[in-house]
Amino acid sequence: MGMKTPMINSAAEKIAYNQDLLTQILLRLPTKSLIKFKSVSKLWQFIISDPDFCLSHTRHHHRNGFLSPTALLLKGDRFSPPSEFSIVPLKHYSKVPFFHYIPDSHVKILQSCNGLLLCESYRQSYLICNPTTKKFRRIYCPSNSAYNFISKCFVSFAFDPLTSPDYRIICIWESYREPCKFNLDLYSSKTGSWDLCIVSFEVDEDEQEIELNNGVFCNGRIHWCGYGEESLYFDVEKECLETMPMALPSRMDAPETCRYFSESRGVLYVAVTYCMSVCLEFDVFEMARDYSEWNWKKRVNLGDAVKAFPELELGCIEYYPGFSGVCIIGSEKQEEPMVVVWADGKIISFDFRQGAWKMLYDLGPGIKIGSLYLGEDDHLHYELFHAYQYFENLSCL
């Protein structure tokens with residue numbers, strides 16, 4: 001054994017000082033390992049910190065043209081402070097202090113997009129954050145006299161590192177002077193500047209209820225969920241606004257409670273919950289590839305989840321079934337997506353292919369997210385949760 005040691009050391013030294021060979025090896029390592037390996041030497045830090053390497057590393061770890069989420073960020077909407085959320089690991093346990101490197105005391109997540117987060121700061125600015133590298137960039141709204149008269153403002157985010165290292169921010173705003181008329185401003189990280197009022201459009205909010213505060217990026221476009229016959233999407237490259245159908249095939253004789261809008265591997269999904277005294281079911285709809293219509297995919301029954309996990313207390317409060325945060329995410333090993341649901345403090349998932357429920361993560365006993373802000377007459381089942389996908393990567397800002 002002693003005679004082989006010099007040969008091993010010699011081979012290791014050749015690799016360590018051969019930048020091209022070392023780069024090829026590092027490209028194949030997990031993101032978390034690379035963060036630690038920056039301290040090995042100045043050469044390693046130089047390679048791993050290089051923007052071209054960061055982009056190549058992200059592109060090296062895709063599956064069939066899509067990235068797989070590392071975790072979900074679960075955020076309460078009613079009883080939680082802006083910067084409080086729970087981390088639900090999907091691949092490995094990841095306890096990340098997401099915003100400790102940002103000097104702002106309150107940071108609100110608005111959107112997650114392929115490894116970067118769009119956040120809102122109380123300082124009247126927006127933050128583009130990469131929690132993996134603990135880097136952020138502050139973006140201010142454009143200096144425009146019209147902004148002094150804004151009545152509504154909605155911000156969305158577009159980023160796909162598999163096609164470009166650059167990202168865009170879409171700001172849609174309405175002025176007190178012209179109700180129902182919206183203007184769209186576009187920020188480009190490539191130029192570091194805003195293009196103002198590139199699109200103007202009108203929305204009759206009595207007829208078209210469009211959730212402009214909930215943009216979903218998919219196929220190079222930002223989509224907004226609607227409750228009328230049509231909704232909108234913005235093509236980022238063509239810089240144009242288009243319509244898409246929002247009429248869903250009627251599946252249940254009950255008014256809707258909520259629509260959860262999400263995407264997985266280039267396909268748009270809507271999960272619909274209903275207002276009933278006891279309702280443990282919701283429908284999942286899938287958008288056609290050509291955007292021509294929504295198709296019913298599956299009615300998901302949480303009663304089956306209760307049978308699998310008897311400790312779940314669902315449907316115990318009338319009209320508040322006790323589940324929320326419904327999102328559709330890609331399965332790393334299968335083409336079919338899976339549904340992830342917050343249910344009575346636990347994270348469970350439904351596999352479309354197997355037709356079975358699985359316990360994904362237990363937030364644990366004691367105080368759960370949002371419970372610090374519950375009043376005496378409140379119940380955690382009243383909370384409305386949102387789930388943001390988190391992708392571990394080295395994307396630069």
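Each residue takes its place number in the sequence, starting with 1.
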Can you list the steps and then say if K298 with E336 is a salt bridge (charged side-chain N to carboxylate O under 4.0 Å, His left out)? CA-CA 12 Å; K298 179 74 176 180; E336 279 286 310; over 6 Å; no
Regarding [X] and [Y], is there a side-chain donor-to-acceptor distance under 3.5 Å anywhere?
X: T31; Y: N393; answer: no
X: Y187; Y: D195; answer: no
X: E242; Y: Y233; answer: no
X: N214; Y: W224; answer: no
X: D304; Y: W357; answer: no
X: Y167; Y: S188; answer: no

Are [X] and [Y] within salt-bridge range, i.e. N to O under 4.0 Å?
X: R221; Y: E263; value: no
X: R138; Y: D104; value: yes
X: K297; Y: E286; value: yes

Between K108 and C119, does a side-chain contact (heavy atoms from CB on, under 4.5 Å) hold up when you go through it step by step? CA-CA 5 Å; K108 179 182 179 182; C119 302; over 6 Å; no
Might you point out which heavy atoms bring [X] and [Y] nearest each other, and give the distance in Å?
X: C327; Y: A387; answer: SG-CB, 3.8 Å
X: A288; Y: N295; answer: CB-ND2, 4.2 Å
X: I128; Y: F157; answer: CD1-CE1, 3.7 Å
X: V216; Y: S262; answer: CG1-C, 4.2 Å
X: I348; Y: A343; answer: CD1-CB, 3.9 Å
X: F159; Y: P165; answer: CE1-O, 3.7 Å

Say you draw a straight line from [atom1] of [X] to [atom2] of [Y]; how long is it, rounded to the nearest 0.5 Å?
X: I198; Y: L184; atom1: CD1; atom2: CG; result: 5.0 Å
X: L397; Y: L116; atom1: CG; atom2: CG; result: 6.0 Å
X: E239; Y: I170; atom1: CD; atom2: CD1; result: 9.5 Å
X: I328; Y: S349; atom1: CD1; atom2: OG; result: 11.0 Å
X: K32; Y: E392; atom1: NZ; atom2: CD; result: 6.0 Å

Side-chain heavy atoms of [X] within contact of [Y], under 4.5 Å:
X: C225; Y: M246; value: yes
X: Q389; Y: I329; value: yes
X: N183; Y: I172; value: no
X: Y101; Y: P131; value: yes
X: K358; Y: D351; value: no
X: C171; Y: C153; value: yes
X: K346; Y: E311; value: yes
X: L72; Y: Y388; value: no

Distance-only donor-acceptor hits, side chain of residues 46-57, under 3.5 Å, sequence neighbours excluded:
residue, atom, partner, partner atom, Å
S49, OG, Q45, O, 2.8
D50, OD2, D52, N, 3.1
D50, OD2, F53, N, 3.2
S56, OG, D52, O, 2.9
H57, NE2, L29, O, 2.7
H57, NE2, H61, NE2, 3.2

Determine, step by step, whether F282 and V341 satisfy the side-chain contact (heavy atoms from CB on, under 4.5 Å) criterion, reporting the C-alpha distance in whole Å, the side-chain angles of both residues, the deciding distance to 0.1 Å, and the verdict. CA-CA 11 Å; F282 61 88; V341 183; 4.0 Å; yes
Would you check if the side chain of [X] reaches a backbone N or O of [Y] as a donor-acceptor pair within less than 3.5 Å?
X: S125; Y: S121; answer: no
X: W194; Y: C141; answer: no
X: R259; Y: G226; answer: yes
X: W173; Y: D185; answer: no
X: T257; Y: C275; answer: yes

Look at the side-chain heavy atoms of Ile, Leu, Val, Met, Phe, Trp and Tyr, link any pair under 4.5 Å apart, and say whether [X] and [Y] land in one connected group.
X: V107; Y: Y390; value: yes
X: L67; Y: I222; value: no
X: F182; Y: V236; value: yes
X: F352; Y: M359; value: yes
X: Y269; Y: F66; value: no

Does L394 form a side-chain contact (heavy atoms from CB on, under 4.5 Å) with L34? I'd like the steps, not just the answer. CA-CA 9 Å; L394 300 173; L34 293 180; 3.8 Å; yes
Which class fits the ring pair H223 and F261: parallel under 30°, tilted 30 to 60°, perpendicular over 60°?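 Ring orientation of H223 relative to F261: perpendicular.
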Would you say the ring centroid of F391 lies under 6.0 angstrom from that of H62?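 So the answer is no for these two rings.
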Which is it for F154 and L110 under the side-chain contact (heavy atoms from CB on, under 4.5 Å) test, yes or no, and what are the steps along the way? CA-CA 10 Å; F154 310 98; L110 298 180; over 6 Å; no
Counting only heavy atoms not in K38, do more than 12 fall under 6.0 Å of its NZ?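 Enclosed: over 12 neighbouring heavy atoms sit under 6.0 Å from NZ of K38.
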